[in-house]
Amino acid sequence: MPGYELWSDKERKEVNDVLETGILMRYGFDGPRKGIWKSKELEAAICNTFGCAYAQLTSSGTAALTTAMSALGIGYGDEVITPSFTFVASFEAVLSVGAVPVLVDVDDTLTLDPEAVRRAITPKTKAIMPVHMCGSMADLDALKAICAEHHLILLEDACQSIGGTYKGKALGTIGDAGTFSFDFVKTMTCAEGGVVMTNREDIFIKSDGYTDHGHDHKGVDRGADLHPFIGYNYRISELHAAVGLAQIQRLNEFLTLQKKNHGLLKNMLAAIPEISFRRVPDPAGDSCSFISWFLPTEELTRAVVMEMKAQGILPGNFYWYDNNWHYIRKWDHLKTGETLNALHPELKARVMQEANKDFAASDTIMSRCISTAISLLWSEEQIREKGEKMVGVVKKVLSEQAVAR
Ligand SMILES: *Cc1c(COP(=O)(O)O)cnc(C)c1O
């Protein structure tokens, strides 16, 4: 998963270019910055690398989602369909623009179940926001078809799947807009940062202004810029962009290692017939940041998690079902509508209603799922050792259960 594991002279060099001039801001100061424009360079590199027409950097992935939603005109009165399994940022962003996050069940892809999406559509549905969780993708053809049929926006939260593809196209560049996060644990990092990617010029122009107080960025003089609409400050800094610029040049190196390590470990787990794996709609496009695997029952899965913990090999393995950040089951603050600022009572009621629905279909998937994060630092020897220990744990639990019967 993480580019931070391979911090190098390349990152240091890019950051030093910025430290030399002392111009840490991405806009203005044209003379003193001496031709150093790391944010602009990174945006161009993103367009080149992922094959989108436009890229707007932001201060975080959450800010990128909020920006994309505003630019897409999502707001009051709108519903956004998004999965029950995601990072909290996905629904935070929907709330930040005053829309209702309509959480919908996931299937064995660990992403939106297209049939559940269909059932959740109302006259107020404005957008579908699949989240390409844990390095792999949603069934985009099915979701695109639903969007076309119902005239809905497709916004991809690709924050966790940098470098993944679907039928040859980069995840995050397939919908009306898509986002990456470059926070510290993502496939490539800026320390903090994010990007809105789009092929629509109108969405880009709005994103560009929205992230910088509505500036139209048409003039040479920042002070003379016009403000065609109200924006906020979701800017990235030159220091952060500099880190990202080094990382994107190393992305292929990261992904190659990730895929190799993923393949080696997955082969070992696959030798156990009781283990199954997440369904990947386009296997060639898996970025391989995680191996997500299932056991036949919740009971067995819990026993495996406990045994891994007992043997000290749980770190790096995620049982999302009990996790506070990634699954509806533990999002009590959302279920009770716990915001600091008052929400309109109608909005709050709708948000709580959606968050308190029955997610039994997701539960049957998530209660049996363990995701193993892939490190770029593992040697083949370490992978073998790790795999043997994991296989040992699963076999032990399975045989204990057989005896107990
Ligand atoms: C990391 C992440 C985000 C938010 O990114 P930040 O840069 O941490 O704000 C959004 N969605 C998903 C699925 C993520 O994993």
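Whatever order the structure lists ligands and atoms in, that order sets their numbers, starting from 1.
Counting atoms of ligand 1 from 1 in the listed order, those under 4.0 Å from a heavy atom of C159 are 2 (C), 3 (C), 10 (C), 11 (N), 12 (C), 14 (C). Of all the atoms in ligand 1, the ones that sit under 4.0 Å from a non-hydrogen atom of S60 are 7 (O), 9 (O). Below 4.0 Å from some heavy atom of A89 lie the following atoms of ligand 1, by number and element: 3 (C), 4 (C), 10 (C).
Residue S181 holds the heavy atom nearest to atom 7 (O) of ligand 1 of all those in S181, S59, A64. Checking F87, F182, F85 against atom 3 (C) of ligand 1, the nearest heavy atom belongs to F87. When the options T58, T179, V131, D183 are ranked by their closest heavy atom to atom 13 (C) of ligand 1, first place goes to V131. Here atom 2 (C) of ligand 1 lies nearest to K186 when heavy atoms of H326, H132, E192, K186 are compared.
Using a 4.5 Å cut-off on side-chain heavy atoms (C-beta onward), F50 and I248 make contact. Residues W293 and V304 have side chains in contact (heavy-atom distance under 4.5 Å, counting atoms from C-beta outward). Contact annotation: the side chain of Y234 approaches that of S59 to within less than 4.5 Å [non-hydrogen atoms, C-beta and beyond].
Taking the centre and axis of the six-membered ring of Y321, the NZ or CZ atom of R329 falls inside the cone set by 45° and 6.0 Å. With a 6.0 Å cutoff to the six-membered ring centre and a 45° limit on the axis angle, K266 counts as a cation-pi contact of F277.
In terms of protein heavy atoms, atom 11 (N) of ligand 1 is closest to D157 OD2, 2.8 Å. Nearest protein heavy-atom contact of atom 9 (O) of ligand 1 is T62 OG1, 2.5 Å.
Under the 3.5 Å distance criterion, the side-chain polar atoms of S60 are matched with a main-chain donor or acceptor of A63.
For the pair E43 and R26, the salt-bridge criterion is met [side-chain N within less than 4.0 Å of a carboxylate O].
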